Amino acid sequence: MTLSTEDLSLRRPLSRLTIIASSVVIGAALGLLALPAWGPALASSLVAGKASWYLSRASGLVAYVLLWMSVTAGLLSSSGIGRRLCRGPAIYDVHRHAAWLGLTFAAFHALVLMGDRHVGGDLVALLVPFAMARHARGWVALGQLALYGGVLVALSFRLRGKLGARTWRALHFASFTIYVIALAHGLLAGTDASAPAVLASYAASGAVVAMLTMIRLFEAKR
Amino acid sequence: MTTTERKASGQAGWLVLLTVGVVATLSGWAWLAIESTPSTLEPLVEPPSGPRDTRPPVAAAEPSALPGLAPLPELLPIDTTPARRAPQVRPDVVSRASRR
């Protein structure tokens, strides 16, 4: 069976430029649609100096979701039940990309607080664990430690060959601890943790990770 | 799937995740900003069930600052409702009519 030129062009992957251009166009269209509704509230939050606080809260939740996606995808790709459910390299891509993006959003979640009046632009308090004196020092420190631990684990993706299988595996298992620490940070330091929807999301996502970890451990013992 | 296709698919997935993350963050910002802004359409306090009293509040009688003087009389609100307003008739006109 021979394929025509058209068939081949359809099967050709989208170029990076096409993806970026379409993302920009879609984003601009969505922005234009949302601007009349959101504009006044966003402007008033900017004027009142609350924008960085709101952005930090929103990006913190996004960072948690991405971290959860990465951990879940990793568990699915390494367990038999996961391999049966999701085949192919896509699950590994989600595992890797969600980890890096989660760390990016977590860093933004911390650094955007430089513009917050409550924190007062204290970079040391934002970057050094247990240096935050103004708000839940211990629980904030859990988030800071999770971020640094996450960077180490994410770097291990790239240094897998140099680290050796045993070290890489040990570092990778640390990601469970990082996930638990991040969840505790969200629950105990997060302003939105008291909201029923957020609390339910934390509970559901934590239950999924716990269940997949148990399956993984059960499979490893067999 | 070739290596190039696999790479491109990975990049597309990364961009999709990034876009979703950015949109979610901006939506969260907007949602929090809208939640914290009091709506101008909804009244902050429930209006009373009866007719609304638009008269200005009346200050309580204040004690006089000077010793020996009686306290100032309590100010009474001016009743501006048309039904209760008495007809304004000049006293001399009334007296002429009553004489006839």
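Every value quoted in this text rests on a predicted model; they were computed, and no experiment measured them. Reminder, nothing fancy here: chain letters follow the sequence lines and each chain counts from 1.
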Honestly, the part of B:Val22 sitting under 4.5 Å from a heavy atom of chain A is both
Mind ranking A:Ala51, A:Ser44, A:Pro40 by heavy-atom pairs under 4.5 Å with chain B and telling me who comes out on top? A:Ala51
Heavy-atom pairs under 4.5 Å with chain B - which of A:Thr104, A:Ile26, A:Leu66, A:Leu101 has more of them than the others? A:Leu101
Report which part of A:Ser59 has an atom under 4.5 Å of a heavy atom belonging to chain B: side chain, backbone, both, or neither. both
Checking heavy atoms, do the side chain of A:Leu55, its backbone, both or neither come under 4.5 Å from chain B? both
Nearest atoms (heavy-atom pairs only) where A:Ala189 meets A:Val140: CB-N, 4.2 Å
What part of A:Leu42 lies closer than 4.5 angstrom to a heavy atom of chain B: side chain, backbone, both or neither? both
Shortest non-hydrogen contact from A:Ala41 toward B:Ala33: O-CB, 3.5 Å
Between A:Tyr92 and A:His95, how do the two ring planes meet: parallel, tilted or perpendicular, split at 30° and 60°? tilted
Just so I understand: if I count every heavy-atom pair under 4.5 Å between each of B:Val23, B:Leu32, B:Leu17 and chain A, which residue has the most? B:Leu32
Nearest non-hydrogen partners of A:His185 and A:Trp139, listed with the distance: ND1-O, 2.7 Å
Which atom names give the shortest non-hydrogen contact between A:Val153 and A:Ser175, and what distance separates them? CG1-CB, 4.1 Å
Hey, which of B:Val16, B:Thr19, B:Leu18 has the most heavy atom pairs under 4.5 Å with chain A? B:Leu18
Nearest heavy-atom approach of A:Gly206 to A:Tyr64 is N-OH, 4.2 Å
Check whether A:Ala63 gets within reach of chain B through its side chain, its backbone, both or neither, counting any heavy atom under 4.5 Å. neither
Looking at every non-hydrogen atom in both residues, tell me the closest pair between A:Ser56 and A:Leu113 and how far apart they are. OG-CG, 3.5 Å
Okay, A:Ala48 and chain B: the region with an atom under 4.5 Å from a heavy atom over there is neither
